[in-house]
Amino acid sequence: MTTPAEPPLASLSLTHVYYDPTDLLSFLCAWLALLPQALMIVYVTTLFCTRELECLLMLLGQLFCEAINFALKRVVREERPKRIHGKGYGMPSSHAQFSAFFFLYLGLLLVRRGLGGGEMQRWKRKGYMAAAGVGSVAVAMSRVYLNYHTVRQVMMGYVVGLVCAVAWYAVTAWGREKVVMGWTGREWALWAGQVLWVRDRCLREDLVVEGWRRGMKEKE
C-alpha cells in the first residue's frame, strides 16, 4: 500500500534572506534586508494609532513607489547577479527604491511641510533625516554585499525612489490645496475620512510631545 506523495514545501521569499553565517557583516546585511518589511509594519501601526492624514498619504506614496518598481522590473527584465540569490528580476532594486523614497519623502515632510509643528526642535529634524538617510544607504549597499543586485541595479533603484518621492510630494502638496466645489483637497479628505476618524494634526504639533503632555495632565 503506497502513501500519497507529500507536496513540496515552498519558502516565503518575503522574509527569506541568504547570507554567509561565517561573516558578521553578511549577517547584519541580512537584517537590513528586512527593514522595508519592518517599516511597513510601522506605517500600518502608526496610521492605526494616530489616524493622521499625512501618514496615510506617505503610505499610499510608498505603495505607489512599489508599483512603479514592479512595472519597471517587468519592462527592463534584467537578471540578478546570481539566480540562486533571489527570485525575479533585479533592475531596479526594490529595497533601494523603497528606502530612498522613505528617506527623501520624510525629509521633505520635515523640512518643507513642517512635520511636527513649530515646537519640534531643529536638532530633532536633522536627527530624523540623518537616521533615515544612513539607514536607506545601508539597506541599498546591503543588497550588493549579499549579491542580490549589482551596483548599477541598486543605484538605479535609489534614483527611481528619489524621483518617486519628489513626484509624490508635489502631487500631495497640490492636492491638499486644490479647491474643488469650495473645499480644498485636505478638507475633502478629512470629510471622507470621518468614518475612520482621520485627522490632520501632525503639521501643527509634535504628536509625541503632545501625547506626553496630555498624559502628564491626566496624572495631576
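Keep in mind it's a predicted model, so treat the numbers as computed, not measured.
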Does any part of the side chain of [Y], heavy atoms only, come nearer than 4.5 Å to the side chain of [X], both counted from C-beta?
X: Phe101; Y: Val160; value: no
X: Leu110; Y: Met129; value: yes
X: Arg152; Y: Met91; value: yes

* Asked: Should the ring pair Tyr43 and Phe98 be called parallel, tilted or perpendicular, given that the plane angle runs from 0 to 90° and is split at 30 and 60?
  -> perpendicular

Specify the closest pair of heavy atoms between [X] and [Y], including all atoms of both residues, with the distance to one decimal.
X: Leu47; Y: Leu59; value: CD2-CD2, 4.1 Å
X: Ala165; Y: Leu104; value: CB-CB, 3.8 Å
X: Arg80; Y: Tyr148; value: NH1-O, 3.2 Å
X: Ser94; Y: Asn69; value: CB-OD1, 3.2 Å
X: Tyr128; Y: Leu106; value: O-CD2, 4.5 Å
X: Pro92; Y: Gln97; value: CG-OE1, 3.6 Å

* Can a donor-acceptor pair be found between the side chains of Tyr145 and Asp23 at a distance below 3.5 Å? -> yes

* Any side-chain donor paired with an acceptor under 3.5 Å for Ser136 and Tyr158? -> yes

* Asked: Would the number of heavy atoms belonging to other residues, nucleotides or ligands and lying under 6.0 Å from CE of Met40 be above 12?
  -> yes

* To do: Treat each ILVMFWY residue as a node, draw an edge where side-chain heavy atoms are under 4.5 Å apart, and state whether Val163 and Tyr105 are in one component.
  => no

